[in-house]
Amino acid sequence: NAGVTQTPKFQVLKTGQSMTLQCAQDMNHNSMYWYRQDPGMGLRLIYYSASEGTTDKGEVPNGYNVSRLNKREFSLRLESAAPSQTSVYFCASSHPVRRSEQFFGPGTRLTVL
Amino acid sequence: DAKTTQPNSMESNEEEPVHLPCNHSTISGTDYIHWYRQLPSQGPEYVIHGLTSNVNNRMASLAIAEDRKSSTLILHRATLRDAAVYYCILRDVVQGAQKLVFGQGTRLTINP
């Protein structure tokens with residue numbers, strides 16, 4: 001049982017490049033989330049997916065797109081990366097009924113030059 | 001989204017109890033109080049949550065004021081592994097998904 005996995009762990013992009021961050025969970029959770037964390041700050045919600053087939057904007061969605069590929073996988077895409085998107089990105093998932101906690105992945109550290 | 005207020009930092013000694021306060025004066029009747037912590041270079045991990053009554057689990061205790069406008073996370077015997085940033089969050093649920101709004105949290109330092 002791996003929990004929440006994220007790939008890649010580290011990435012360096014140039015301004016204007018695109019990339020997709022991958023996230024998968026093996027806990028049969030309905031809901032999945034993408035957060036970003038800037039240095040010295042708390043996490044901010046980018047997008048979330050309450051269930052397979054649905055996605056909604058969070059607090060800071062501009063510059064990002066998401067895809068809920070299936071129940072296990074939720075990807076985050078940066079179409080044209082900007083230096084302001086330099087951050088650590090965390091994926092999380094939660095159980096639909098218990099709703100007691102979110103489980104977080106180890107994060108992807110992204111630098112945009 | 002409801003907001004919480006926590007001290008920026010706290011310090012304690014190993015094997016002593018730690019009381020981490022949180023104010024949430026705008027809490028609504030259906031908001032659950034959640035605590036997460038984030039160890040260095042890791043994603044956040046769930047610690048405990050509650051609605052009205054005090055709660056205990058293997059990691060910590062949560063004491064909730066009678067008016068629910070404040071709460072305190074209690075680590076009974078701090079260890080060096082408890083050094084982390086602790087976040088107090090009011091959980092909102094939308095269509096089955098939890099919306100967590102993280103503040104800056106309290107950075108807890110444990111002295112040996």
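Naming: A, B, ... by sequence-line order, numbering from 1 per chain.
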key: Side chain / backbone / both / neither for Leu45(A) at chain B, heavy atoms under 4.5 Å   = side chain
query = Do the side chains of Val18(B) and Leu80(B) join up, straight or via other hydrophobic residues, at under 4.5 Å, putting them in one cluster?
reply = yes
key: Atom CZ of Arg107(B) with >12 non-hydrogen neighbours under 6.0 angstrom   = no
task = List the atom of Ala97(B), the atom of Tyr48(A), and the distance in Å for their closest heavy-atom pair.
result = CB-CD1, 3.7 Å
Whether over 12 other heavy atoms sit under 6.0 Å from Asp67(B) CG = yes
query = Under a 4.5 Å side-chain heavy-atom rule over Ile, Leu, Val, Met, Phe, Trp and Tyr, are Tyr64(A) and Leu43(A) clustered together?
reply = no
note = Cut-off 4.5 Å, heavy atoms of chain A, and the answer for Ile48(B) is neither
message = So for Tyr32(B), is it side chain, backbone, both, or neither that comes closer than 4.5 Å to the heavy atoms of chain A?
response = neither
query = Minimum heavy-atom separation for Gln104(B) to Gly40(A), with atom names?
reply = NE2-O, 3.4 Å
ask   = Hey, any chance Val47(B) and Ile64(B) share a hydrophobic cluster, counting ILVMFWY side chains that come within less than 4.5 Å of each other, even indirectly?
value = yes
ask   = Is the backbone N or O of Gln98(B) less than 3.5 Å from a side-chain atom of Gln102(A), with the two atoms forming a donor-acceptor pair by type?
value = yes
Flag side-chain contact, heavy atom, 4.5 Å: Tyr33(A) against Leu100(B) = no
query = So which of Pro44(B), Ser41(B), Gly43(B) has the largest heavy-atom pair count under 4.5 angstrom toward chain A?
reply = Pro44(B)
message = Is the shortest side-chain heavy-atom distance between Tyr36(B) and Glu101(A) below 4.5 Å?
response = yes
task = Report whether Met19(A) and Phe74(A) are members of the same hydrophobic cluster (ILVMFWY, side-chain heavy atoms less than 4.5 Å apart, transitive linking).
result = yes
message = Is Gln6(A) close to chain B through its backbone or its side chain, or both, or neither, when contacts mean heavy atoms under 4.5 Å?
response = neither
request  = First locate atom OH of Tyr46(B), then atom CZ of Phe103(A), and finally report the distance between them rounded to the nearest 0.5 Å.
outcome  = 9.5 Å
task = Check step by step if side chain to side chain contact (heavy atoms under 4.5 Å, CB included) holds for Gln38(B) and Gln37(A).
result = CA-CA 12 Å; Gln38(B) 188 173 21; Gln37(A) 185 174 32; 2.9 Å; yes
ask   = Out of curiosity, does Phe90(A) fall in the hydrophobic cluster containing Val60(A) (side-chain heavy atoms, cut-off under 4.5 Å, transitive links)?
value = no
